[in-house]
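A, B, ... follow the sequence lines: proteins, then strands. Residue 1 opens every chain. As a basis for the values below, the full set of heavy atoms in this structure was taken, side chains included, without hydrogen atoms, waters or symmetry mates.
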Amino acid sequence: MDAFDGAEVRAWIDRFIATVLDRTGELTELDRQAGDGDYGTNLRSALGRARVNLDGTADPAAVFTAVSEAFLNTGGTSGPLFGMWFREFAKAFTEPVSDATLATAAGNAAAVVQRLGKAEVGHKTMVDAMVPAAQALRAAAERNAGPDRALREAAAAARTGAESTEQLLARRGRASYVGEHARGVMDPGALTVAMFFAAANG
Amino acid sequence: MDAFDGAEVRAWIDRFIATVLDRTGELTELDRQAGDGDYGTNLRSALGRARVNLDGTADPAAVFTAVSEAFLNTGGTSGPLFGMWFREFAKAFTEPVSDATLATAAGNAAAVVQRLGKAEVGHKTMVDAMVPAAQALRAAAERNAGPDRALREAAAAARTGAESTEQLLARRGRASYVGEHARGVMDPGALTVAMFFAAANG
Amino acid sequence: MPVRALLNDPDELVAEALDGFARSHPELVRASADPAYLIRADPADKVALVSGGGSGHEPLHTGFVGAGMLDVAVPGAVFASPTAYQIRAAIRAADRGRGVLLVVKNYTGDVLNFGIAAELAAEEGIETRIALVDDDLATESEDGPGRRGTAAVLAVEKICGAAAERGADLDQLAELAARITSSARTLALATAACTHPGESRPSFELAADEVEFGVGIHGEHGIGRRPYGSARELTAALADPLLESLGLTAGEEVLAIVNGLGATHGLELATVARELHEHLAGRGIRITRSLVGSYVTALDMRGCSVTLLRLDPELAELWDAPVRTPALTW
Amino acid sequence: MPVRALLNDPDELVAEALDGFARSHPELVRASADPAYLIRADPADKVALVSGGGSGHEPLHTGFVGAGMLDVAVPGAVFASPTAYQIRAAIRAADRGRGVLLVVKNYTGDVLNFGIAAELAAEEGIETRIALVDDDLATESEDGPGRRGTAAVLAVEKICGAAAERGADLDQLAELAARITSSARTLALATAACTHPGESRPSFELAADEVEFGVGIHGEHGIGRRPYGSARELTAALADPLLESLGLTAGEEVLAIVNGLGATHGLELATVARELHEHLAGRGIRITRSLVGSYVTALDMRGCSVTLLRLDPELAELWDAPVRTPALTW
Ligand SMILES: Nc1ncnc2c1ncn2[C@@H]1O[C@H](COP(=O)(O)OP(=O)(O)O)[C@@H](O)[C@H]1O
Ligand SMILES: Nc1ncnc2c1ncn2[C@@H]1O[C@H](COP(=O)(O)OP(=O)(O)O)[C@@H](O)[C@H]1O
Ligand SMILES: [Mg+2]
Ligand SMILES: [Mg+2]
Ligand SMILES: [Mg+2]
Ligand SMILES: [Mg+2]
């Protein structure tokens with residue numbers, strides 16, 4: 001498949017929301033071990049709002065706008081950053097969504113988050129999953145791999161990026177205050193990004 | 001002796017101050033049992049101030065003015081009432097002080113305290129000593145008993161009045177809040193009045 | 001004062017705070033150290049208003065010295081009346097030859113000392129009238145010293161202050177004060193007691209599920225314990241007896257004072273204010289004027305008082321008149 | 001919030017308090033419920049000032065909405081930044097076509113959300129500038145998020161508010177704000193910690209003979225414990241590092257903000273103010289403007305902060321300019 005449509009984008013987001021809501025306990029536990037323990041709550045309130053916003057929406061841009069707005073109405077550090085991240089998807093996505101669209105969206109999105117949060121890869125944040133996923137999408141688009149394959153590769157890259165945070169010391173966010181205590185704890189933001197790309201693949 | 005002079009009035013006040021300062025512990029203990037336990041402190045601060053005011057004074061009116069002003073600069077319920085009480089002595093006393101002067105002063109003084117404090121004899125307050133003392137002075141003056149004899153009779157009447165408070169329930173002041181607990185406790189204000197008249201007699 | 005209060009010698013607390021307060025508001029007030037009182041920086045040719053009482057209730061009364069309110073405030077020691085001579089000095093300093101209204105909260109010591117000071121002033125040819133404020137519904141009883149004076153004193157000071165600026169004479173002011181007091185009632189509850197300076201424990205302890213109802217402003221017990229509840233429930237519990245006592249009915253307008261007792265947060269007071277608006281609206285009564293903040297405190301007590309004052313156009317208009325004091329300006 | 005706080009549902013606390021606050025000051029402000037913000041009742045044709053941040057610091061910022069200060073205040077949840085969309089809504093409501101100055105205390109969440117809101121507003125053609133306030137000397141360090149923003153935000157809001165009323169443009173205001181911030185430093189100490197709504201214990205415990213030095217306004221620990229001492233000693237301990245950091249020398253004039261952290265009594269603050277006057281006078285520095293009261297609170301924390309701002313004639317004059325808000329009026 002060269003591109004996918006609004007319904008598929010909507011299904012992707014629905015799967016993402018369902019997975020995350022299913023695993024907020026686990027995500028909160030990670031934030032508790034290396035942060036302030038409200039990550040799951042922040043996420044749940046954003047996603048609850050997203051569901052309301054999404055009602056009936058199936059246009060790709062509109063779907064991501066709905067999610068972005070929900071996050072921009074949410075507190076915590078993750079809320080506004082995810083809000084601006086998803087916003088770049090909304091801006092780039094016009095139906096049908098191709099591998100090139102995905103690469104542009106994810107590239108711009110990671111850049112916005114990096115600019116706002118001032119985090120580099122290796123600082124143990126969501127950026128550690130966002131950047132490799134964007135790079136994988138860019139590489140896939142350059143060889144016209146098609147969106148399905150591109151997203152599978154992005155998911156793998158995001159997953160590896162998220163796992164890499166486990167052994168890092170945090171340099172940004174609240175986890176940076178706890179020093180060595182954060183080592184051994186995967187960054188919940190990065191894990192959420194991995195869940196997002198994993199949800200793309202049926 | 002028909003009358004006594006400023007030096008004698010001054011000696012009387014000095015004896016009064018000395019006695020009270022000597023017994024503030026006892027007076028405070030009475031206020032503690034049937035009040036808020038600050039009576040001795042209030043009195044000590046008034047009399048300390050009185051000593052400063054009295055420095056060098058030997059005119060009868062000036063002596064009582066000094067004491068009155070000290071009390072009117074003091075807190076508590078007793079401070080202002082004693083201040084107004086002594087003030088009537090200052091107003092009435094012109095040298096030499098006769099039995100008639102004493103009767104007028106003590107009569108006016110008891111009346112002022114009664115008007116301001118709204119206490120009757122039997123309400124277990126300083127009035128229970130002030131009124132009988134004033135009556136004794138009036139009676140003595142009517143039979144021209146002279147100030148020495150008048151003051152001895154006043155002291156006895158004040159002492160009896162003060163002792164009579166022991167068995168009363170208080171109807172005025174903080175002691176009135178403690179009900180039966182005040183029974184058996186002599187009113188410290190009345191006792192102070194008795195000390196005052198006792199101090200007149202050498 | 002809590003343990004670890006910010007003070008030097010407790011015996012100097014009132015004097016030092018008075019000095020610091022005056023230095024913080026040099027454009028509005030001046031302090032006299034001995035006898036201690038606070039006086040308007042710009043005296044006006046009118047009947048003077050003097051109030052005072054024990055310290056520990058700040059900003060009352062020192063915070064209300066200035067144009068449109070008090071001319072002089074006289075602070076006593078913490079929770080103790082100022083002395084008769086101190087008050088006389090304040091009266092002398094305040095008088096501009098048109099007499100002095102003495103605004104007195106109904107407590108034995110204040111009544112006695114202000115009364116004596118008034119007599120002493122009269123002997124010097126200074127005319128005074130005492131405006132006795134006794135708004136605390138918790139202490140209403142057949143005999144005894146009568147209702148205590150609490151936050152309604154603010155309304156008396158503000159409204160009479162405005163009338164004085166407009167040239168009302170002493171008798172008119174005394175009458176106005178009496179009218180305000182008879183139209184105002186207050187009830188308070190504490191969610192935690194206060195601690196007197198020098199003591200290490202609060203004046204009473206509450207369980208987590210209770211509040212002290214009907215407290216005054218000296219840390220004393222109230223008239224009973226009630227279950228702790230929502231701001232909605234507690235506000236209704238304070239408001240209903242006030243409405244009944246004043247006989248307020250649908251269509252009437254009131255001034256409401258939602259007053260923090262010392263350590264109550266602004267978020268709490270705003271919440272109580274909201275509930276009061278709702279509760280009264282439910283009875284058809286409108287709060288058309290209000291004051292929400294910590295104005296009459298009891299050291300670090302937690303909780304609040306609610307004062308309702310039945311308004312008429314004259315009182316409302318005088319309430320709205322300009323005022324310029326450290327704690328109240330409009 | 002203490003146990004037994006006066007509130008309904010803690011999740012509704014901020015919204016209900018905002019409603020109650022607006023209803024208590026109908027002549028000055030209006031509340032928007034969703035998104036939540038507080039706006040001046042009488043908008044003026046000028047550069048708008050918007051500030052905000054977590055709740056629990058009242059009267060900051062809602063108390064400073066009005067003529068001569070803020071146009072809109074945006075309250076977040078207790079101790080949490082308002083959201084980016086909430087701030088965008090506030091910016092939209094405030095803008096009169098002349099741009100909006102965003103006064104932001106330096107905390108990660110606030111910086112992020114105000115920054116995002118500014119970007120979103122720019123996309124809509126609304127020009128903004130961020131005035132970052134970072135006055136807390138306790139958090140000065142080489143790396144990390146930099147000094148926190150605390151009570152100097154008041155000076156920025158007041159002084160830039162006055163300049164905006166006089167027609168300063170957005171760039172001038174941003175420059176003025178930067179000048180104020182660089183001329184101001186704050187230090188705070190707590191004599192008791194605060195208790196978050198819903199929690200039953202304060203965020204830290206102090207022994208009777210110690211104070212927490214260098215605290216912020218979110219109940220967090222300070223930079224160390226110090227022995228409890230007299231107001232004189234503690235005031236000096238707060239003032240000296242400020243004097244040094246600002247390089248203040250004899251002959252200079254300052255604005256001093258003696259700020260209560262929530263449950264500090266007026267007698268205590270006045271005493272600290274006095275000691276500050278004395279201490280600075282001893283170094284030849286004069287406090288020619290001051291603000292003494294609980295303006296930037298941390299729920300029911302006890303203690304105080306001291307802010308010094310080096311004054312020049314322009315800053316002093318703008319400070320003196322009229323202001324008319326719920327918590328500050330002259
Ligand atoms: N500066 C930053 N840049 C990018 N992501 C960040 C940054 N700081 C924190 N994060 C992400 O935010 C997540 C925590 O989010 P959340 O719990 O909502 O924030 P908070 O720390 O404010 O409670 C972290 O797991 C991390 O991925
Ligand atoms: N209404 C009153 N009239 C006369 N004397 C009174 C009255 N109330 C109290 N007293 C006197 O005052 C004394 C207590 O004085 P003090 O301890 O100074 O007052 P307080 O109760 O204010 O602490 C009592 O022993 C009593 O003699
Ligand atoms: Mg978190
Ligand atoms: Mg958080
Ligand atoms: Mg006593
Ligand atoms: Mg006493």
Side-chain angles (χ1 to χ4, degrees), chain C residues 1-9 13-14 16-21 23-25 55-56 58-59 63 78 191-192 200 206 208-211 228 230-232 234-235 258 262-275 277 287 290-292 294 297 299-300 302-304 324 329-330, chain D residues 1-9 13-14 16-21 23-25 55-56 58-59 63 78 191-192 200 206 208 210-211 228 230-232 234-235 258 262-277 287 290-292 294 297 299-300 302-304 324 329-330:
Chain C
M1 291 293 136
V3 270
R4 296 184 299 264
L6 299 169
L7 48 77
N8 299 306
D9 178 354
L13 168 60
V14 171
E16 292 184 346
L18 187 69
D19 178 49
F21 190 78
R23 289 160 87 162
S24 303
H25 303 279
S55 291
E58 286 68 22
V78 171
T191 55
S200 60
L206 288 167
D209 60 352
E210 54 186 19
V211 300
Y228 170 64
S230 66
R232 193 158 303 142
L234 294 174
T235 303
V258 175
T264 316
H265 199 261
L267 286 173
E268 298 178 270
L269 296 177
T271 303
V272 171
R274 175 184 188 276
E275 295 307 329
H277 273 273
I287 300 173
S290 67
L291 205 54
V292 180
S294 292
T297 63
L299 295 173
D300 61 337
R302 295 175 191 277
C304 72
R324 191 165 146 73
T329 293
W330 60 66
Chain D
M1 290 296 136
V3 271
R4 294 183 300 263
L6 298 169
L7 47 76
N8 299 308
D9 179 354
L13 169 60
V14 171
E16 292 184 346
L18 187 68
D19 177 48
F21 190 77
R23 289 161 86 163
S24 303
H25 302 281
S55 292
E58 286 67 23
V78 171
T191 54
S200 59
L206 288 167
E210 54 187 18
V211 302
Y228 170 64
S230 66
R232 192 158 303 142
L234 294 174
T235 303
V258 175
T264 317
H265 198 262
L267 286 173
E268 297 177 270
L269 296 176
T271 302
V272 172
R274 176 184 188 276
E275 295 308 328
L276 192 64
H277 272 273
I287 301 172
S290 68
L291 205 54
V292 180
S294 292
T297 63
L299 294 174
D300 60 336
R302 294 175 191 276
C304 72
R324 191 165 146 73
T329 292
W330 59 67

Quick one: what part of Arg324(C) sits under 4.5 Å from any heavy atom of chain D, side chain, backbone, both or neither?
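The side chain, not the backbone.
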Tell me, for Leu269(C) versus chain D, whether the close heavy atoms (under 4.5 Å) come from the side chain, the backbone, both or neither.
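Contact with chain D involves no heavy atom of Leu269(C) at all.
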Which residue out of Leu206(D), Val292(D), Val258(D) racks up the most heavy-atom pairs below 4.5 Å with chain C?
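The option with the most such pairs is Leu206(D).
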Could you walk me through whether Glu275(D) and Leu6(C) pass side chain to side chain contact (heavy atoms under 4.5 Å, CB included), step by step?
CA-CA 11 Å; Glu275(D) 295 308 328; Leu6(C) 299 169; over 6 Å; no
For the pair His265(D) (side chain) and Gly56(C) (backbone), establish whether a donor and an acceptor sit closer than 3.5 Å, ignoring hydrogens and angles.
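Side chain of His265(D) to backbone of Gly56(C), a donor-acceptor pair under 3.5 Å: yes, one is there.
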Any sub-3.5 Å donor-acceptor pair from Asn8(D)'s side-chain atoms to Arg232(C)'s backbone N or O?
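Yes, Asn8(D) side chain to Arg232(C) backbone: donor-acceptor pair under 3.5 Å.
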Locate the shortest heavy-atom distance separating Tyr228(C) from Ala5(D); write the atom from each residue and the value.
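Taking Tyr228(C) first and Ala5(D) second, the nearest heavy atoms are OH-O, 2.5 Å.
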Closest approach of Ala17(C) to Ala270(D) (non-hydrogen atoms, all atoms of both residues):
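Answer, listing the atom of Ala17(C) first, then Ala270(D): O-CB, 3.3 Å.
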Any chance you could measure [X], atom [atom1], to [Y], atom [atom2], to the nearest 0.5 Å?
| X | Y | atom1 | atom2 | answer |
| --- | --- | --- | --- | --- |
| Ser24(D) | Ile287(C) | OG | CD1 | 8.0 Å |
| Leu267(C) | Thr297(D) | CG | OG1 | 7.5 Å |
| Arg4(C) | Glu268(D) | CZ | CD | 11.0 Å |

Do you know which of Gly262(C), Gly303(C), Cys304(C), Ala208(C) has the most heavy-atom pairs with chain D at a distance under 4.5 angstrom?
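Top option by heavy-atom pairs under 4.5 Å: Ala208(C).
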If you count heavy-atom pairs under 4.5 Å with chain D, which of Ala231(C), Ser200(C), Ser290(C) comes out on top?
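Option with the greatest count: Ala231(C).
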Answer whether the closest heavy-atom distance between the side chains of His277(C) and Asp19(D) falls below 4.5 Å.
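No, their side chains stay 4.5 Å or more apart.
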Of the backbone (N, CA, C, O) and the side chain (C-beta and beyond), which part of Leu18(D) lies under 4.5 Å from a heavy atom of chain C, both, or neither?
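For Leu18(D), neither part sits under 4.5 Å from chain C.
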